[in-house]
Amino acid sequence: MRILPLLTLLAVPAFAGAELGKPAPDFTLKDVDGKDVSLASFKGKTVVLEWFNPECPYVKAAHTKGSLTDSAKRQQKKGIVWLSINSGAAGKQGAGVEKSKAGAKGFNMENPVLVDEAGTVGKAYGATNTPHLFVIDPKGNVAYRGAIDNSPDGEGLSPQGGKLINYVDAALDDVAANRAVKTPDTKAYGCSVKYAN
Amino acid sequence: MLRQIRQLSLVALALAACTKDPAPAPKAEKKADDAPAYELNLAASGPWAAGQASNAAVTVTAKPGFHVNPEYPVTFKPEGSEAVKFEGERVALTPGTRTPCADKAEDACKVEFPLPVTPEKPGPAKVAGIVAFSVCSADKCLIEKVPVTLAISVQ
């Protein structure tokens, strides 16, 4: 009888997560056009990973009214690589190539959207929410992980403390200036990532 | 013959019931995937006195399978109010009384949010605005912005 709880614990998938200051877990995923995209291929560049679910209302709000409206385009102009990743399992809300493609078009996104239906990459990073963001510095280390901003409505209308702070913009500024990221770790808000289990 | 007339009358009554406009719902209620996800209510017990702040109550009730999302910043945006004042253009609502869900006590299925209101003058007044809130199920979250209105009588 005592074995059962132990077995239950062993059956829980590992959510180790990407550690701050440590090498970001490498991955290769297909984008919505079927092209392989590998994190290792961006070595020497700053990379932003954005966990994405086009049907999550927080993602919709952030991409149409909030801090994600033009973040990727602005940062890409500065040479930052921005990758959106959909780790929703087949059949779950917003999951799959077609929904990702439609969402990217609807939100006018120009950055690659990668599909991780097995959830392997999402779990390797410890992505729990959509949106959930990670900044990887040019050395390949995790420099920031957490929310896009401090307004957990996704729209930027309810900033905690009264002033809207885009944590990702701030982290990217710190990385570009080669200084320690002032706020490297925040709690992501939004929908849960729709993993298979 | 009498039986046929009676059957026809029943059919006519049934058709009339189907085509008749439904009575206006007293509370806002949203249906998602054919199942109601929440009920929203604005109420106040009073009494209301001019110049004195008192609380109305915004209540979000999640329907079976959903719970009130505790991480979403619930707000009230005044819109169409008459003869009352609020604490700003967008009022952040702090959760008050919380009723746990029957199937999962750590989740709340009903949360009451006090809404501070200050009537400006004696007579009829109206509390009206948009409540932004969120309810979630295991499969999805909904973010809703629902208009509410309440007539009050100020002494």
Side-chain angles (χ1 to χ4, degrees), chain A residues 51-68 86-96 99 103 107 119 128-132 146-165 186-197, chain B residues 28 30-38 40 58 60 62-63 65-79 86-95 101 103-104 106-108 111 113-116 129-147:
Chain A
W51 258 265
F52 180 68
N53 170 355
E55 293 182 354
C56 163
Y58 287 91
V59 171
K60 289 180 185 175
H63 271 278
T64 56
K65 302 170 192 168
S67 295
L68 284 168
N86 187 339
S87 292
K92 301 269 186 174
Q93 181 201 48
K99 287 182 177 175
F107 300 142
T128 54
N129 295 75
T130 53
H132 196 160
I148 179 67
D149 61 24
N150 63 338
S151 183
D153 59 358
E155 295 182 70
L157 295 175
S158 301
Q160 291 164 344
K163 186 187 171 193
L164 185 65
I165 301 166
T186 64
K187 187 176 184 299
Y189 65 81
C191 303
S192 57
V193 177
K194 308 303 180 198
Y195 293 115
N197 50 46
Chain B
K30 175 83 174 183
K31 290 193 171 191
D33 297 338
D34 297 320
Y38 64 82
L40 181 69
V58 173
V60 181
K63 291 302 180 79
F66 285 83
H67 63 272
V68 181
N69 183 350
E71 296 185 352
Y72 188 86
V74 178
T75 60
F76 174 85
K77 186 184 175 194
E79 207 170 285
F86 300 96
E87 295 172 350
E89 292 179 3
R90 185 180 298 274
V91 185
L93 301 183
T94 307
C101 297
D103 57 342
K104 199 176 177 189
E106 58 265 42
D107 288 338
V111 181
F113 300 87
L115 170 63
I130 310 287
V131 178
F133 64 98
S134 173
V135 293
C136 294
S137 68
D139 296 326
K140 63 186 172 188
C141 286
L142 305 174
I143 294 176
E144 300 292 338
K145 292 185 177 183
V146 178

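Residue numbers begin at 1 in each chain, while the letters A, B, ... track the order of the sequences.
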Is chain A contacted by the side chain of C141(B), its backbone, both, or neither, given a heavy-atom distance below 4.5 Å? both
According to the interplanar angle, ranging from 0 to 90°, do the rings of F76(B) and F86(B) count as parallel (below 30°), tilted (30 to 60°) or perpendicular (above 60°)? tilted
Applying ring pair (Phe, Tyr, Trp, His ring centres under 6.0 Å), can you list everything that pairs with Y72(B), at least two apart in sequence or on another chain? none
Which of residues 150-159 of chain A have a heavy atom under 4.5 Å from any heavy atom of chain B? P152(A), D153(A), E155(A), L157(A), S158(A)
Tell me, please, which residues at least two apart from K77(B) pass salt bridge (Lys or Arg N to Asp or Glu O under 4.0 Å). none
Please assess V59(A) against C191(A) for the test side-chain contact (heavy atoms from CB on, under 4.5 Å), listing each intermediate value before the final yes or no. CA-CA 8 Å; V59(A) 171; C191(A) 303; 5.9 Å; no
Among T130(A), N129(A), T128(A), D149(A), side chain to side chain donor-acceptor pair (under 3.5 Å) partner for Y189(A): D149(A)
side-chain hydrogen bond (donor to acceptor under 3.5 Å, both in side chains) involving T75(B) - partner list, sequence neighbours excluded: none
Please classify the contact of K187(A) with chain B as side chain, backbone, both or neither, using a heavy-atom distance under 4.5 Å. side chain
Determine the sole option in K194(A), Q93(A), K92(A) for which the side chain to side chain donor-acceptor pair (under 3.5 Å) test with N53(A) is passed. Q93(A)
